[in-house]
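Take this structure, written in structure tokens, and hold onto it; I'll ask about it next.
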Amino acid sequence: MYVTSLSSKTTLDKLKGDFKLIDCHFERFPDGEGYVRFDEKVKNIKEILIVQSLYYPQDEHIMQLFFMIDALKDLNIKINLLIPYMAYARQDKRFKDWESVSGISLAKMIDRFELESKYTVDIHDLKITKAMRGENLSAMPAIADYLMNLNLKEPVIISPDKGSVERAKIVADQMDAEFDHLEKTRLSGDTVEIRPKEINTRNRDVAIVDDIISTGGTMAKACEVLKREGTLKVLSGATHLLMISNAEERLKKAGIDCIFGSDSIPSKFSDISIAGIIEEMF
Ligand code: R5P
């Protein structure tokens with residue numbers, strides 16, 4: 001399979017086997033507009049996989065994707081698309097009147113290109129993948145492999161809320177570990193208790209698993225709760241490590257012992273590659 005990318009080159013570097021890279025070059029005109037050009041090897045190919053992650057600067061990565069698709073369409077090349085991190089996915093509904101539902105808007109735009117196949121990875125909400133008539137893949141099996149190598153003590157896999165329970169379950173099942181989620185209970189008008197719903201994590205290691213770490217607020221809160229419960233090590237990981245502003249500092253201050261995640265977004269914590277998912281699919 002031929003493969004190309006502008007934003008996910010570190011992931012493509014890890015691909016093994018029969019994947020052949022078609023280079024794509026991006027630069028800016030003096031007025032700030034973007035310019036995309038493929039290597040001339042592109043002229044002889046019939047089908048390609050674009051791997052383009054839509055992390056910051058999101059709008060630039062989106063425009064790169066559109067230009068890449070259109071240039072390849074002009075050459076009559078069949079296109080498969082894998083979007084490791086889907087921008088705007090958390091704006092998956094109208095929270096306030098008259099606002100745009102940008103996650104769905106972007107998915108619909110992608111859908112209009114009529115591609116051979118479209119994939120997202122650990123999408124925040126499946127509505128987005130459905131709006132682009134695609135399929136969603138998961139980095140959770142790779143995350144489980146990573147955690148299994150860490151020699152954790154009676155590990156418990158925890159989802160910080162109900163939204164990531166399915167993800168935590170995939171990891172726990174593969175590790176043959178227990179899983180749980182944190183639950184908020186209102187004790188009085190102004191007191192809320194947050195704790196694991198069922199499992200006592202005292203003297204055990206815990207890995208909190210989510211789809212996204214953005215500002216780190218969710219993970220920091222979860223970690224404080226777990227440390228108060230007597231948990232030993234608290235590891236914090238997600239498929240998509242946005243790590244906005246001082247997220248790292250915030251997590252460390254909360255007592256997180258280890259941060260891990262996939263290379264859907266490159267960062268110094270992105271030790272788990274999604275290259276294996278690509279190899280399985282194509
Ligand atoms: C929210 O529903 C998501 O699953 C993540 O929990 C959230 O995006 C994490 O954001 P932050 O790191 O800013 O708390």
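Both ligands and their constituent atoms are indexed starting at 1 by order of listing.
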Of all the non-hydrogen atoms in the protein, which one sits nearest to atom 13 (O) of ligand 1, and at what distance?
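Result for atom 13 (O) of ligand 1: Thr215 OG1, 2.5 Å.
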Between Tyr2 and Phe38 (judged by ring centroids, cut-off 6.0 Å), do the two rings come close enough to count as a pair?
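No, they do not, as the ring centres are separated by 6.0 Å or more.
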Look only at interatomic distance and state if Asp161 has a nitrogen or oxygen under 3.5 Å from any nitrogen or oxygen of ligand 1.
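No.
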Please determine whether any non-hydrogen atom of Met219 lies less than 4.0 Å from an atom of ligand 1.
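Outside the 4.0 Å threshold, so no.
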Identify the protein heavy atom lying closest to atom 14 (O) of ligand 1, giving its residue, its atom name and the separation to 0.1 Å.
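Answer for atom 14 (O) of ligand 1: Thr218 OG1, 2.5 Å.
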Are Lys169 and Asp173 close enough for a salt bridge, meaning some N to O gap below 4.0 Å?
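Between Asp173 and Lys169 there is a salt bridge, with a charged N closer than 4.0 Å to a carboxylate O.
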Starting from atom 9 (C) of ligand 1, locate the nearest protein heavy atom and write down its residue, its atom name and how far away it is, to 0.1 Å.
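Protein heavy atom at minimum distance: Ile212 O, 3.4 Å.
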Starting at NE2 of His181, measure out to CD1 of Ile158 and round the result to the nearest 0.5 Å.
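Spacing of NE2 (His181) from CD1 (Ile158) equals 9.5 Å.
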Could you list which atoms of ligand 1 come closer than 4.0 Å to a heavy atom of Ile213?
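Near Ile213, the atoms of ligand 1 are 12 (O).
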Check whether any side-chain N or O of Ser270 sits under 3.5 Å from a backbone N or O of Ser262 as a donor-acceptor pair, and report yes or no.
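Present.
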Where does Asp210 meet ligand 1, judged by heavy-atom distances below 4.0 Å: at the side chain, the backbone, both, or neither?
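The side chain, only.
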Hey, are Asn200 and Glu229 close enough side-chain-wise for a donor-acceptor pair under 3.5 Å?
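The criterion, which ignores hydrogens and geometry beyond distance, is not satisfied for Asn200 and Glu229.
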What I want to find out is whether Lys221 reaches Asp161 closely enough, with some N-O distance under 4.0 Å, to be called a salt bridge.
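No, Lys221 and Asp161 are not salt-bridged.
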Protein heavy-atom partner closest to atom 10 (O) of ligand 1 - residue, atom, separation in Å:
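That would be Ser214 CB, 3.6 Å.
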Inter-residue atom distance Arg250.CZ - Met243.CE, 0.5 Å rounding
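Reported value, rounded in 0.5 Å steps: 11.0 Å.
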Is the closest heavy-atom distance from Gly216 to ligand 1 below 4.0 Å?
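It does, in that a heavy atom of Gly216 comes within the 4.0 Å cut-off of ligand 1.
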No-hydrogen, no-angle side-chain donor-acceptor test under 3.5 Å, Thr239 and Ser264:
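Ser264 and Thr239 do not have a side-chain donor-acceptor pair below 3.5 Å.
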At the 4.0 Å heavy-atom cut-off, does Lys221 count as touching ligand 1?
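No; Lys221 lies far enough from ligand 1 that no heavy-atom distance drops under 4.0 Å.
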For atom 1 (C) of ligand 1, closest protein heavy-atom neighbour:
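Going by distance alone, atom 1 (C) of ligand 1 is nearest to His124 CE1, 3.5 Å.
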What residue and heavy atom of the protein are closest to atom 8 (O) of ligand 1, and at what distance?
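Of the protein heavy atoms, Arg90 NH1, 3.0 Å lies nearest.
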For the 3.5 Å polar cut-off, considering only N or O atoms, please tell me whether Asp211 and ligand 1 meet it.
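N/O-N/O distance below 3.5 Å exists for this pair.
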Hydrophobic clusters here meaning ILVMFWY residues chained together by side-chain heavy-atom distances under 4.5 Å, can you tell me if Leu106 and Leu6 are in one?
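Yes: a chain of side-chain contacts under 4.5 Å links Leu106 to Leu6.
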